[in-house]
Amino acid sequence: MATVDSSVELEGATAATGDGLTHSMRKNGRFVNPWPGWALPSFTGSPNMFQLMWKFTTGSGDQSSIPSQEVLDTTLPIVTPDFSSPVPEDGMKVTWLGHASVLVQFENISVLTDPIFSQRAAPFQFMGPKRYRGPPCSVQDLPAVDVVVISHNHYDHLDYNTVKDLQKRFGEKLCWHVPLGMSAWMKGMGCENVVEQDWWQEERVKDREDIKVVFTPAAHWCKRGPTDDNLVLWGSWCVIGRRSRFFFGGDTGYCHGFKEIGKKYGPFNLAAIPIGAYEPRDFMKNQHVNPEEAVQIHQDVQAKQSLGIHWGTFKLTFEGYLEPRSRVKEAMEAKGLKVEDFFTLDHGGSKVITIPQTEPSIEKETAT
(Lines give C-alpha, C1' and ligand atoms only; values in the text may rest on other atoms or scores of the structure.)
Protein backbone atom coordinates (compact mmCIF):
# COMPACT_ATOMS: atom_id res chain seq x y z
CA MET A 1 0.00 0.00 0.00
CA ALA A 2 1.25 3.50 -0.83
CA THR A 3 2.71 5.53 1.99
CA VAL A 4 1.27 9.02 2.39
CA ASP A 5 3.54 11.98 3.11
CA SER A 6 2.11 13.45 6.30
CA SER A 7 3.25 16.91 5.20
CA VAL A 8 0.88 16.83 2.23
CA GLU A 9 -2.51 18.36 2.90
CA LEU A 10 -5.00 15.95 1.38
CA GLU A 11 -8.62 16.51 0.43
CA GLY A 12 -11.28 13.85 -0.02
CA ALA A 13 -10.28 10.21 0.10
CA THR A 14 -6.74 9.33 1.13
CA ALA A 15 -4.50 6.36 0.63
CA ALA A 16 -4.68 5.37 4.29
CA THR A 17 -8.26 4.29 4.98
CA GLY A 18 -7.35 0.98 6.59
CA ASP A 19 -9.06 -1.22 4.01
CA GLY A 20 -5.83 -2.30 2.33
CA LEU A 21 -6.68 -0.37 -0.85
CA THR A 22 -4.98 2.65 -2.37
CA HIS A 23 -7.49 5.48 -2.71
CA SER A 24 -7.45 8.67 -4.75
CA MET A 25 -5.86 11.76 -3.23
CA ARG A 26 -6.06 15.50 -3.82
CA LYS A 27 -3.76 18.35 -2.90
CA ASN A 28 -5.00 21.93 -3.23
CA GLY A 29 -8.01 20.76 -5.20
CA ARG A 30 -6.04 18.71 -7.72
CA PHE A 31 -5.61 14.94 -7.85
CA VAL A 32 -2.16 13.52 -7.18
CA ASN A 33 -0.66 10.09 -7.71
CA PRO A 34 -0.30 8.12 -4.46
CA TRP A 35 2.40 5.87 -5.92
CA PRO A 36 5.86 6.23 -4.34
CA GLY A 37 8.34 8.07 -6.58
CA TRP A 38 5.77 9.01 -9.22
CA ALA A 39 6.67 12.14 -11.21
CA LEU A 40 6.22 13.66 -14.65
CA PRO A 41 9.10 15.30 -16.55
CA SER A 42 9.63 18.89 -15.41
CA PHE A 43 11.83 21.81 -16.47
CA THR A 44 13.81 21.66 -13.22
CA GLY A 45 13.78 18.01 -12.20
CA SER A 46 14.61 14.60 -13.58
CA PRO A 47 13.35 13.50 -16.07
CA ASN A 48 13.98 16.92 -17.58
CA MET A 49 11.45 18.51 -19.93
CA PHE A 50 14.13 20.32 -21.95
CA GLN A 51 15.74 16.98 -22.82
CA LEU A 52 12.35 15.53 -23.73
CA MET A 53 11.51 18.50 -26.00
CA TRP A 54 14.91 18.19 -27.69
CA LYS A 55 14.41 14.49 -28.38
CA PHE A 56 10.96 15.02 -29.88
CA THR A 57 12.10 18.05 -31.89
CA THR A 58 15.15 16.34 -33.38
CA GLY A 59 13.80 12.79 -33.48
CA SER A 60 16.87 11.62 -31.56
CA GLY A 61 16.37 7.93 -30.80
CA ASP A 62 13.15 7.64 -32.82
CA GLN A 63 12.81 4.02 -33.95
CA SER A 64 9.12 4.09 -34.93
CA SER A 65 9.83 3.67 -38.69
CA ILE A 66 6.19 3.84 -39.77
CA PRO A 67 6.06 2.67 -43.42
CA SER A 68 3.75 3.47 -46.32
CA GLN A 69 0.05 2.67 -46.25
CA GLU A 70 0.67 -0.18 -48.70
CA VAL A 71 3.08 -1.84 -46.26
CA LEU A 72 0.81 -1.14 -43.31
CA ASP A 73 -2.05 -2.90 -45.08
CA THR A 74 0.01 -6.07 -44.77
CA THR A 75 1.75 -5.61 -41.42
CA LEU A 76 -1.10 -3.90 -39.53
CA PRO A 77 -4.32 -4.60 -41.46
CA ILE A 78 -7.65 -2.86 -41.07
CA VAL A 79 -10.64 -5.17 -41.41
CA THR A 80 -14.33 -4.36 -41.42
CA PRO A 81 -15.74 -5.37 -38.02
CA ASP A 82 -18.24 -8.22 -38.08
CA PHE A 83 -20.94 -6.90 -35.78
CA SER A 84 -23.55 -9.28 -37.23
CA SER A 85 -22.11 -12.45 -35.74
CA PRO A 86 -23.89 -13.39 -32.49
CA VAL A 87 -22.29 -13.21 -29.06
CA PRO A 88 -22.43 -16.67 -27.48
CA GLU A 89 -24.51 -16.93 -24.31
CA ASP A 90 -21.57 -18.56 -22.54
CA GLY A 91 -18.94 -16.09 -23.69
CA MET A 92 -17.67 -12.61 -24.48
CA LYS A 93 -16.87 -10.97 -27.79
CA VAL A 94 -14.19 -8.30 -28.01
CA THR A 95 -13.50 -6.06 -31.03
CA TRP A 96 -10.49 -3.74 -31.26
CA LEU A 97 -11.40 -0.41 -32.84
CA GLY A 98 -7.88 1.03 -32.64
CA HIS A 99 -5.79 2.62 -29.87
CA ALA A 100 -7.65 2.15 -26.53
CA SER A 101 -11.09 1.82 -28.14
CA VAL A 102 -12.57 -1.61 -27.53
CA LEU A 103 -16.11 -2.93 -27.87
CA VAL A 104 -16.85 -5.75 -25.42
CA GLN A 105 -20.15 -7.64 -25.59
CA PHE A 106 -21.39 -10.11 -23.01
CA GLU A 107 -24.56 -11.00 -21.12
CA ASN A 108 -26.69 -8.87 -23.48
CA ILE A 109 -24.73 -5.70 -22.85
CA SER A 110 -22.23 -3.77 -24.98
CA VAL A 111 -19.42 -1.75 -23.39
CA LEU A 112 -17.26 0.72 -25.31
CA THR A 113 -13.94 1.96 -23.90
CA ASP A 114 -12.22 5.32 -24.52
CA PRO A 115 -13.76 5.75 -27.99
CA ILE A 116 -11.99 7.87 -30.59
CA PHE A 117 -13.04 7.81 -34.25
CA SER A 118 -11.42 11.13 -35.22
CA GLN A 119 -8.32 11.35 -37.42
CA ARG A 120 -6.36 13.37 -34.87
CA ALA A 121 -5.98 13.11 -31.09
CA ALA A 122 -6.04 16.84 -30.52
CA PRO A 123 -8.33 19.78 -29.72
CA PHE A 124 -8.35 20.64 -33.44
CA GLN A 125 -8.48 18.38 -36.48
CA PHE A 126 -5.90 20.35 -38.49
CA MET A 127 -2.97 19.72 -36.15
CA GLY A 128 -1.78 17.28 -33.50
CA PRO A 129 -1.09 13.51 -33.53
CA LYS A 130 -2.69 11.95 -36.62
CA ARG A 131 -3.72 8.35 -37.07
CA TYR A 132 -1.54 6.25 -39.35
CA ARG A 133 -4.22 3.55 -39.17
CA GLY A 134 -7.74 4.83 -39.64
CA PRO A 135 -10.78 3.70 -37.66
CA PRO A 136 -12.18 0.39 -38.95
CA CYS A 137 -15.74 1.72 -38.79
CA SER A 138 -17.75 4.82 -37.94
CA VAL A 139 -20.02 5.52 -35.00
CA GLN A 140 -22.95 4.88 -37.34
CA ASP A 141 -21.67 1.37 -38.04
CA LEU A 142 -21.61 0.34 -34.38
CA PRO A 143 -24.20 -2.02 -32.93
CA ALA A 144 -26.22 -0.79 -29.95
CA VAL A 145 -23.92 0.46 -27.20
CA ASP A 146 -25.17 0.48 -23.61
CA VAL A 147 -22.17 1.74 -21.62
CA VAL A 148 -19.13 3.88 -22.35
CA VAL A 149 -16.26 3.99 -19.84
CA ILE A 150 -13.67 6.78 -19.97
CA SER A 151 -10.29 6.32 -18.28
CA HIS A 152 -9.13 9.97 -18.31
CA ASN A 153 -9.40 13.18 -20.29
CA HIS A 154 -6.39 13.19 -22.64
CA TYR A 155 -7.37 13.80 -26.25
CA ASP A 156 -6.54 10.30 -27.46
CA HIS A 157 -8.98 8.86 -24.88
CA LEU A 158 -11.70 11.52 -24.66
CA ASP A 159 -12.55 12.80 -28.13
CA TYR A 160 -14.97 15.69 -28.56
CA ASN A 161 -16.36 14.65 -31.95
CA THR A 162 -16.76 11.01 -30.97
CA VAL A 163 -18.59 11.89 -27.75
CA LYS A 164 -20.98 14.15 -29.66
CA ASP A 165 -21.58 11.51 -32.36
CA LEU A 166 -22.21 8.71 -29.85
CA GLN A 167 -24.61 10.82 -27.83
CA LYS A 168 -26.44 11.93 -30.98
CA ARG A 169 -26.87 8.35 -32.15
CA PHE A 170 -27.78 6.59 -28.89
CA GLY A 171 -29.23 9.43 -26.80
CA GLU A 172 -30.61 8.72 -23.35
CA LYS A 173 -30.13 4.97 -23.81
CA LEU A 174 -26.37 5.44 -23.49
CA CYS A 175 -24.80 5.54 -20.02
CA TRP A 176 -21.40 7.19 -19.54
CA HIS A 177 -19.20 6.11 -16.61
CA VAL A 178 -16.46 8.67 -16.03
CA PRO A 179 -13.87 9.67 -13.40
CA LEU A 180 -14.40 12.28 -10.70
CA GLY A 181 -14.34 15.78 -12.12
CA MET A 182 -15.50 14.90 -15.64
CA SER A 183 -19.29 14.98 -15.41
CA ALA A 184 -19.63 18.73 -16.04
CA TRP A 185 -17.69 18.42 -19.32
CA MET A 186 -19.76 15.41 -20.39
CA LYS A 187 -23.05 17.14 -19.64
CA GLY A 188 -21.81 20.16 -21.56
CA MET A 189 -21.51 17.84 -24.58
CA GLY A 190 -25.19 16.91 -24.18
CA CYS A 191 -24.63 13.58 -22.46
CA GLU A 192 -27.73 12.78 -20.42
CA ASN A 193 -26.81 9.77 -18.28
CA VAL A 194 -23.44 10.41 -16.67
CA VAL A 195 -22.15 8.49 -13.65
CA GLU A 196 -19.05 10.02 -12.04
CA GLN A 197 -16.96 7.64 -9.92
CA ASP A 198 -14.03 7.59 -7.52
CA TRP A 199 -11.52 4.74 -7.23
CA TRP A 200 -13.23 1.61 -5.84
CA GLN A 201 -16.69 3.14 -6.25
CA GLU A 202 -19.17 0.53 -7.47
CA GLU A 203 -22.24 1.41 -9.53
CA ARG A 204 -24.90 -0.68 -11.25
CA VAL A 205 -25.66 -0.10 -14.91
CA LYS A 206 -28.91 1.75 -15.48
CA ASP A 207 -31.73 -0.78 -16.00
CA ARG A 208 -29.23 -3.64 -15.54
CA GLU A 209 -28.85 -4.36 -11.83
CA ASP A 210 -26.91 -7.53 -12.66
CA ILE A 211 -24.02 -5.55 -14.20
CA LYS A 212 -21.60 -3.71 -11.92
CA VAL A 213 -19.14 -1.02 -13.06
CA VAL A 214 -16.20 -0.20 -10.79
CA PHE A 215 -13.64 2.57 -11.21
CA THR A 216 -10.22 1.38 -10.09
CA PRO A 217 -6.70 2.85 -9.76
CA ALA A 218 -4.06 3.57 -12.39
CA ALA A 219 -0.87 5.64 -12.56
CA HIS A 220 -1.38 8.56 -14.92
CA TRP A 221 -2.50 12.22 -15.02
CA CYS A 222 -5.07 14.50 -16.67
CA LYS A 223 -4.93 17.70 -18.72
CA ARG A 224 -6.82 19.24 -21.66
CA GLY A 225 -6.06 22.94 -21.29
CA PRO A 226 -3.33 25.24 -19.98
CA THR A 227 -4.56 25.42 -16.35
CA ASP A 228 -6.68 22.32 -15.71
CA ASP A 229 -3.91 19.92 -14.64
CA ASN A 230 -5.35 16.99 -12.68
CA LEU A 231 -8.72 18.55 -11.90
CA VAL A 232 -10.07 15.25 -13.26
CA LEU A 233 -9.16 11.84 -11.85
CA TRP A 234 -7.73 9.00 -13.97
CA GLY A 235 -8.05 5.24 -13.61
CA SER A 236 -9.01 1.82 -14.91
CA TRP A 237 -12.36 0.04 -15.03
CA CYS A 238 -13.90 -3.29 -14.06
CA VAL A 239 -17.21 -4.38 -15.58
CA ILE A 240 -18.64 -7.40 -13.77
CA GLY A 241 -21.66 -9.45 -14.79
CA ARG A 242 -23.18 -12.63 -13.43
CA ARG A 243 -20.42 -14.77 -14.92
CA SER A 244 -18.30 -12.40 -17.00
CA ARG A 245 -15.54 -10.12 -15.74
CA PHE A 246 -13.82 -7.50 -17.88
CA PHE A 247 -10.90 -5.25 -16.90
CA PHE A 248 -9.91 -2.14 -18.90
CA GLY A 249 -6.47 -0.72 -18.08
CA GLY A 250 -6.94 2.61 -19.88
CA ASP A 251 -3.63 4.47 -19.97
CA THR A 252 -1.16 3.88 -17.16
CA GLY A 253 2.29 3.39 -15.77
CA TYR A 254 2.92 0.38 -13.58
CA CYS A 255 1.78 0.53 -9.94
CA HIS A 256 0.89 -1.91 -7.19
CA GLY A 257 -2.77 -0.91 -7.53
CA PHE A 258 -3.17 -3.68 -10.10
CA LYS A 259 -2.42 -6.33 -7.49
CA GLU A 260 -5.14 -4.77 -5.33
CA ILE A 261 -7.59 -4.91 -8.25
CA GLY A 262 -6.79 -8.56 -8.91
CA LYS A 263 -7.19 -9.46 -5.26
CA LYS A 264 -10.54 -7.70 -4.90
CA TYR A 265 -12.18 -8.39 -8.27
CA GLY A 266 -10.14 -11.02 -10.13
CA PRO A 267 -9.86 -13.31 -11.84
CA PHE A 268 -11.00 -11.60 -15.05
CA ASN A 269 -12.13 -13.50 -18.12
CA LEU A 270 -10.74 -10.70 -20.30
CA ALA A 271 -8.51 -7.69 -19.78
CA ALA A 272 -7.62 -4.90 -22.22
CA ILE A 273 -4.13 -3.72 -21.27
CA PRO A 274 -2.01 -0.96 -22.87
CA ILE A 275 1.22 -2.18 -24.48
CA GLY A 276 2.49 0.81 -26.50
CA ALA A 277 3.72 4.44 -26.32
CA TYR A 278 6.58 3.75 -23.90
CA GLU A 279 9.81 5.18 -25.44
CA PRO A 280 11.94 7.11 -24.55
CA ARG A 281 11.67 5.08 -21.37
CA ASP A 282 13.07 7.60 -18.90
CA PHE A 283 10.28 10.01 -19.82
CA MET A 284 7.41 7.58 -20.30
CA LYS A 285 7.86 4.97 -17.56
CA ASN A 286 5.63 6.64 -14.94
CA GLN A 287 2.72 7.17 -17.31
CA HIS A 288 2.93 4.35 -19.90
CA VAL A 289 3.78 0.71 -19.22
CA ASN A 290 6.08 -1.17 -21.57
CA PRO A 291 5.18 -4.69 -22.80
CA GLU A 292 6.96 -6.41 -19.92
CA GLU A 293 5.00 -4.34 -17.39
CA ALA A 294 1.81 -5.01 -19.34
CA VAL A 295 2.39 -8.74 -18.85
CA GLN A 296 2.90 -8.08 -15.15
CA ILE A 297 -0.49 -6.31 -15.05
CA HIS A 298 -1.97 -9.34 -16.84
CA GLN A 299 -0.72 -11.43 -13.94
CA ASP A 300 -1.56 -8.90 -11.22
CA VAL A 301 -5.23 -8.58 -12.15
CA GLN A 302 -5.42 -12.34 -12.68
CA ALA A 303 -6.56 -12.08 -16.29
CA LYS A 304 -7.25 -15.36 -18.03
CA GLN A 305 -6.85 -13.66 -21.41
CA SER A 306 -5.67 -10.16 -22.29
CA LEU A 307 -5.90 -7.97 -25.39
CA GLY A 308 -3.06 -5.55 -26.12
CA ILE A 309 -4.30 -2.00 -26.74
CA HIS A 310 -2.88 1.55 -26.96
CA TRP A 311 -0.56 0.83 -29.89
CA GLY A 312 -0.49 0.74 -33.68
CA THR A 313 -2.79 3.73 -34.25
CA PHE A 314 -1.22 7.14 -33.44
CA LYS A 315 2.47 7.98 -33.52
CA LEU A 316 2.97 9.19 -29.97
CA THR A 317 6.42 7.90 -29.04
CA PHE A 318 9.67 6.40 -30.36
CA GLU A 319 9.43 2.60 -30.20
CA GLY A 320 9.15 0.61 -33.43
CA TYR A 321 5.56 0.58 -34.57
CA LEU A 322 5.33 -3.24 -34.38
CA GLU A 323 7.60 -3.64 -31.37
CA PRO A 324 4.83 -3.72 -28.73
CA ARG A 325 3.28 -6.79 -30.36
CA SER A 326 6.53 -8.75 -30.55
CA ARG A 327 7.73 -7.77 -27.09
CA VAL A 328 4.51 -8.91 -25.45
CA LYS A 329 5.03 -12.36 -26.96
CA GLU A 330 8.63 -12.41 -25.75
CA ALA A 331 7.61 -11.29 -22.26
CA MET A 332 4.97 -14.01 -22.02
CA GLU A 333 7.49 -16.63 -23.13
CA ALA A 334 10.08 -15.34 -20.66
CA LYS A 335 7.63 -15.89 -17.81
CA GLY A 336 6.60 -19.32 -19.00
CA LEU A 337 3.07 -18.16 -19.81
CA LYS A 338 0.96 -19.19 -22.79
CA VAL A 339 1.62 -16.67 -25.56
CA GLU A 340 -1.94 -16.99 -26.85
CA ASP A 341 -3.32 -15.76 -23.52
CA PHE A 342 -2.07 -12.22 -24.27
CA PHE A 343 -3.12 -11.53 -27.84
CA THR A 344 -3.45 -8.65 -30.29
CA LEU A 345 -6.03 -8.11 -33.03
CA ASP A 346 -6.16 -6.46 -36.43
CA HIS A 347 -7.90 -3.09 -36.43
CA GLY A 348 -11.56 -4.10 -36.51
CA GLY A 349 -10.77 -7.71 -35.63
CA SER A 350 -12.76 -9.67 -33.06
CA LYS A 351 -12.27 -12.63 -30.76
CA VAL A 352 -14.75 -14.72 -28.78
CA ILE A 353 -13.83 -15.64 -25.22
CA THR A 354 -15.51 -18.76 -23.85
CA ILE A 355 -16.46 -18.68 -20.17
CA PRO A 356 -16.65 -21.97 -18.23
CA GLN A 357 -19.94 -22.76 -16.54
CA THR A 358 -18.22 -22.74 -13.15
CA GLU A 359 -17.48 -18.99 -13.16
CA PRO A 360 -18.59 -17.19 -9.93
CA SER A 361 -21.64 -14.93 -10.06
CA ILE A 362 -21.79 -11.26 -9.18
CA GLU A 363 -24.14 -12.13 -6.32
CA LYS A 364 -21.62 -14.53 -4.77
CA GLU A 365 -18.78 -12.02 -5.15
CA THR A 366 -20.82 -9.23 -3.61
CA ALA A 367 -22.00 -11.37 -0.72
CA THR A 368 -18.45 -12.23 0.31
Side-chain angles (χ1 to χ4, degrees), residues 77-117 135-150 162 166 169-171 173-177 193 203-214 236-250 265-273 298 301-309 340-365:
I78 301 173
V79 300
T80 301
D82 181 10
F83 295 129
S84 62
S85 63
V87 181
E89 293 184 5
D90 61 345
M92 310 172 75
K93 181 181 177 183
V94 57
T95 304
W96 187 43
L97 301 175
H99 203 50
S101 303
V102 175
L103 181 69
V104 182
Q105 299 166 285
F106 61 93
E107 299 185 26
N108 295 315
I109 193 168
S110 294
V111 179
L112 185 60
T113 70
D114 286 2
I116 177 167
F117 289 84
C137 66
S138 69
V139 169
Q140 294 302 315
D141 297 324
L142 292 172
V145 176
D146 303 292
V147 174
V148 177
V149 295
I150 303 293
T162 301
L166 284 166
R169 178 169 176 209
F170 297 110
K173 295 180 180 178
L174 186 60
C175 189
W176 302 82
H177 287 255
N193 297 315
E203 297 290 343
R204 303 286 172 155
V205 173
K206 181 184 177 183
D207 300 326
R208 284 297 304 271
E209 287 296 309
D210 57 331
I211 305 292
K212 182 166 64 177
V213 181
V214 190
S236 55
W237 290 95
C238 306
V239 184
I240 303 171
R242 291 185 178 275
R243 293 192 303 110
S244 311
R245 291 166 183 261
F246 170 62
F247 171 74
F248 172 59
Y265 295 113
F268 291 91
N269 306 99
L270 174 67
I273 300 175
H298 167 80
V301 301
Q302 303 175 39
K304 296 181 178 180
Q305 295 193 56
S306 291
L307 167 66
I309 61 169
E340 61 269 23
D341 286 347
F342 202 136
F343 61 94
T344 59
L345 292 169
D346 293 337
H347 289 260
S350 299
K351 182 173 182 177
V352 172
I353 309 296
T354 301
I355 300 174
Q357 294 293 326
T358 56
E359 292 298 294
S361 68
I362 190 173
E363 289 83 359
K364 180 178 180 180
E365 183 271 338

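This one's a predicted model, so the numbers in the text were calculated from it and none came from an experiment.
Distance check, rounded to the nearest 0.5 Å: CD1 of I353 to CG of D90 gives 12.0 Å. From L307, atom CG reaches atom CZ of F246 across 8.0 Å, with rounding to the nearest 0.5 Å. Atom CD1 of residue I355 and atom CD of residue E89 lie 12.0 Å apart, to the nearest 0.5 angstrom. Interatomic distance, CG of D114 versus OG1 of T162, reported as 11.0 Å (0.5 Å rounding). The distance from the CG atom of L97 to the CG atom of D141 is 10.5 Å, given to the nearest 0.5 Å.
With H298 as the partner, the ring-ring contact (aromatic ring centres under 6.0 Å, His included) test is satisfied by one option alone out of F268, F343, F247, F342: F342.
For R169, the salt bridge (Lys or Arg N to Asp or Glu O under 4.0 Å) criterion is met by no residue, not counting sequence neighbours. Residues satisfying the ring-ring contact (aromatic ring centres under 6.0 Å, His included) criterion with W96, sequence neighbours excluded, are W311, H347.
Residues R208 and E107 form a side-chain contact, since some pair of their non-hydrogen atoms from C-beta on lies under 4.5 Å apart. Between K212 and E203 the shortest side-chain heavy-atom distance does not fall below 4.5 Å. Contact check for I211 versus I240: no side-chain heavy atoms found under the 4.5 Å cut-off. Side-chain contact between M92 and V104 is present, with heavy atoms from C-beta onward closer than 4.5 Å. The closest side-chain heavy-atom distance from K93 to S85 is below 4.5 Å. In this structure, the side chains of L166 and L112 come closer than 4.5 Å at one or more pairs of heavy atoms. Taking 4.5 Å as the limit, some side-chain heavy atom of V352 sits within range of a side-chain heavy atom of P88. Contact of the F248 side chain with the I309 side chain is registered, since non-hydrogen atoms from C-beta on lie closer than 4.5 Å.
Contact detail for T113 and A100: the closest heavy-atom pair is OG1-O, 2.8 Å. The two residues N269 and R243 have their closest heavy-atom pair at OD1-O, 3.4 Å. When all heavy atoms of L345 and S350 are compared, the closest pair comes out as CD2-O, 3.9 Å. Scanning both residues, A272 and V102, for their nearest heavy atoms gives CB-CG2, 4.4 Å.
Crowding of D341 atom CG: a count of heavy atoms from other residues, nucleotides or ligands under 6.0 Å exceeding 12.
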Exercise for the section: Walk me through it: do S306 and L270 pass the test side-chain contact (heavy atoms from CB on, under 4.5 Å)? Expected result: CA-CA 5 Å; S306 291; L270 174 67; 5.9 Å; no
Practice task
Start with the C-alpha distance between F106 and V94, add both sets of side-chain angles, then the distance that settles side-chain contact (heavy atoms from CB on, under 4.5 Å), and finish with yes or no.
Solution key: CA-CA 9 Å; F106 61 93; V94 57; over 6 Å; no
Practice task
Walk me through it: do I150 and V148 pass the test side-chain contact (heavy atoms from CB on, under 4.5 Å)?
Solution key: CA-CA 7 Å; I150 303 293; V148 177; 3.9 Å; yes
Exercise for the section: Dump the intermediate steps for side-chain contact (heavy atoms from CB on, under 4.5 Å) on L103 and F83, then the final yes or no. Expected result: CA-CA 10 Å; L103 181 69; F83 295 129; 3.7 Å; yes
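When atom types are taken as modelled, the side chain of R245 and the backbone of Y265 share a donor-acceptor pair closer than 3.5 angstrom. No donor-acceptor pair closer than 3.5 Å links the side chain of D346 to the backbone N or O of G348. Judged by distance alone, the side chain of S101 and the main-chain N or O of I116 form a donor-acceptor pair under 3.5 Å. The closest donor-acceptor contact from the side chain of S110 to the backbone of Q105 lies at 3.5 Å or more, if one exists at all.
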